Amino acid sequence: MCSAIHVSAAANGNEWDTYDYSRFNNSTYIYDIGNNFKNVDLNQYNQILSQMRDKYGITYTFIVVDDYSSKMDELADYIWEHAGYDGDYISAVISSESRNLYVYTLGKGIDVMNDNYVNGMLDTLTVSLKNDDYDGALDSFIDLAAKMTDSYNTDSPGVTDRFGNVINVTGTDVGQIVLVGIVGGIIFAIILTSVQLGKHKPVRKATNADYYVKDENVKMEVVRDVYMRSHETRTRIQTNTSGGGRSGGSISSGSSGRSHGGGGRGF
């Protein structure tokens, strides 16, 4: 599980084509190629991810390598293919050599890890990885992977990472939305009131009724209104019949031609 094998890319080829994927198999969910972990019992953590797979029906993997410097989504893509992992899949793949991280999703994993959750996962893992704390990054991945899957299953608005940071499904804090709505409503009411008051300018006090009528401008006659017919117009109000709910993550395609979700960044 922890052995490191260094394979260099062909002079005119791609590293993901020449990389040694034979070390990966679908019964192992944590790899530390390069001995980056300090105090982690890989067998124990592997068992935790195995139990999560049984509980949620999704395979979760955490893979650290020290011998890869090309595009991380390509590495993640080919690891999934060569290891033979399930089609519902969430993985964090890290290169300690290039100091890059990629969260890779397939199948139901794309639905669970929408774009906001992917970014939240990247934010949390990066906190530990910047300090070369791979143990902490693994703890954060397992913690958030379980919480985000529960959030998807229960349709909850967000999760909290182990540092106390809130990650919302929509990417916007509900409290902020309410506050902006209240402030905006007050400002709109003030503007509307000011406009209405401006229309009602004070008039000079009149001493008699004749003040309001100028003889040369007013001619009164008997007027009778007779309605010959009436016309009624009805307009149908369109209703939205499409279902609501959260959306899945963005989809991209790698060199293998396989569509996947996720995202990555350097640390």
Side-chain angles (χ1 to χ4, degrees), residues 1-4 19 23-24 28-53 56 58-80 83 85 89-106 109-110 112-152 158-168 249 260-267:
M1 188 184 302
C2 301
S3 61
Y19 194 75
R23 69 190 89 178
F24 303 104
T28 304
Y29 309 108
I30 301 176
Y31 287 89
D32 181 19
I33 300 172
N35 298 319
N36 297 281
F37 294 123
K38 302 298 187 241
N39 298 296
V40 171
D41 183 340
L42 293 182
N43 292 322
Q44 178 183 356
Y45 277 82
N46 195 73
Q47 183 62 29
I48 292 174
L49 291 180
S50 177
Q51 292 170 352
M52 287 174 58
R53 175 180 177 272
Y56 297 115
I58 298 175
T59 297
Y60 308 85
T61 66
F62 191 89
I63 299 168
V64 184
V65 302
D66 69 346
D67 55 351
Y68 195 87
S69 58
S70 293
K71 295 177 62 177
M72 294 302 296
D73 60 328
E74 306 290 1
L75 174 63
D77 195 33
Y78 279 88
I79 286 176
W80 176 85
Y85 289 121
Y89 184 71
I90 295 174
S91 178
V93 181
I94 303 162
S95 170
S96 60
E97 176 184 349
S98 61
R99 299 188 70 79
N100 277 302
L101 158 69
Y102 200 91
V103 173
Y104 180 88
T105 61
L106 285 172
I110 297 175
V112 171
M113 297 285 289
N114 69 0
D115 292 345
N116 293 309
Y117 272 4
V118 168
N119 288 329
M121 177 72 82
L122 291 170
D123 289 341
T124 301
L125 296 186
T126 300
V127 171
S128 297
L129 293 174
K130 282 183 176 180
N131 298 317
D132 293 325
D133 181 12
Y134 291 86
D135 297 16
L138 174 59
D139 286 333
S140 290
F141 173 76
I142 292 176
D143 175 66
L144 279 181
K147 288 178 178 177
M148 289 176 174
T149 307
D150 283 330
S151 171
Y152 172 79
V159 298
T160 303
D161 68 11
R162 64 190 188 94
F163 302 113
N165 301 310
V166 177
I167 305 170
N168 294 297
H260 64 82
R265 68 176 62 157
F267 59 87

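Count residues from 1 along the sequence. Computed from a prediction, not measured in an experiment: that's the story for all the values here.
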Item to complete: Search all heavy atoms of A145 against all heavy atoms of M52 and return the closest pair with its distance.
Response: CB-CE, 4.0 Å
Fill in: Least distance between heavy atoms, S151 atom then Y117 atom
OG-OH, 2.7 Å
Discussion item. Any heavy-atom pair between the side chains of Y152 and N114 that's under 4.5 Å?
Written reply: no
Worksheet item: Considering residues at least two apart in sequence or located in another chain, which fulfil the ring-ring contact (aromatic ring centres under 6.0 Å, His included) criterion with Y45?
Response: none
Worksheet item: Less than 4.5 Å apart, any side-chain heavy atom of T105 and any of V112?
Response: no
Worksheet item: Who passes ring-ring contact (aromatic ring centres under 6.0 Å, His included) against F24, sequence neighbours left out?
Response: Y31
Fill in: Euclidean distance, I142 CD1 relative to I30 CD1, rounded to 0.5 Å
5.0 Å
Fill in: Y102 vs S91, side chain to side chain donor-acceptor pair (under 3.5 Å): CA-CA, chis, key distance, verdict
CA-CA 8 Å; Y102 200 91; S91 178; over 6 Å; no
Fill in: Side chains of V127 and T124 in contact at under 4.5 Å (non-hydrogen atoms)
no
Fill in: K147 side chain vs T160 backbone, donor-acceptor pair below 3.5 Å
yes
Item to complete: Working to the nearest 0.5 Å, report the span between CZ of F141 and CG of L125.
Response: 8.0 Å
Worksheet entry | W80 vs I63 side-chain heavy atoms within contact, under 4.5 Å | no
Practice prompt. Please identify each residue that fulfils side chain to side chain donor-acceptor pair (under 3.5 Å) with S128, with sequence neighbours left out.
Written response: none
Discussion item. For R162 versus G136, what's the shortest heavy-atom pair and its separation?
Written reply: NH2-O, 3.0 Å
Fill in: A137 versus L129, closest heavy-atom pair with distance
CB-CD2, 3.7 Å
Item to complete: List for me each residue that meets side chain to side chain donor-acceptor pair (under 3.5 Å) alongside T59, sequence neighbours excluded, and say none if there are none.
Response: R53, D86
Worksheet item: Mind checking whether Y60 and T149 have side chains closer than 4.5 Å, heavy atoms only?
Response: yes
Response to the item:
Applying side chain to side chain donor-acceptor pair (under 3.5 Å) to D123 and not counting sequence neighbours gives R265
Response to the item:
Smallest heavy-atom separation, A92 atom then L101 atom, equals CB-CD1, 4.4 Å
Item to complete: Could you pull out the closest heavy-atom pair between M72 and S98, with the gap in Å?
Response: SD-OG, 4.5 Å
Worksheet item: Would a 4.5 Å heavy-atom cut-off, applied to side chains only, mark T61 and Y89 as touching?
Response: yes
Fill in: Close aromatic pair by centroid cut-off 6.0 Å: Y19 and Y68
yes
Worksheet entry | Gap between atom CD1 of I94 and atom CG of D32 - 0.5 Å precision | 9.5 Å
Practice prompt. Measure the CD-OH distance between Q51 and Y29 for me, rounded to the nearest 0.5 Å.
Written response: 11.0 Å
Discussion item. Is any side-chain heavy atom of M148 closer than 4.5 Å to one of I90?
Written reply: no
Worksheet entry | CG-NE2 distance between D77 and H260, expressed to the nearest 0.5 angstrom | 5.5 Å
Item to complete: Among residues two or more places apart or on two chains, list those pairs meeting salt bridge (Lys or Arg N to Asp or Glu O under 4.0 Å) that have a residue in residues 126-138.
Response: R99-D132
Fill in: S96 and Y134 side chains, donor-acceptor separation under 3.5 Å
no
Discussion item. Go through it in stages, so that I can follow the logic: the residues are L122 and N119, the test is side-chain contact (heavy atoms from CB on, under 4.5 Å), and I'd like the CA-CA distance, side-chain angles, deciding distance and then a yes or no.
Written reply: CA-CA 5 Å; L122 291 170; N119 288 329; 4.2 Å; yes
Practice prompt. Report the distance from atom CG of N116 to atom CG of N168, rounding to the nearest 0.5 Å.
Written response: 8.0 Å
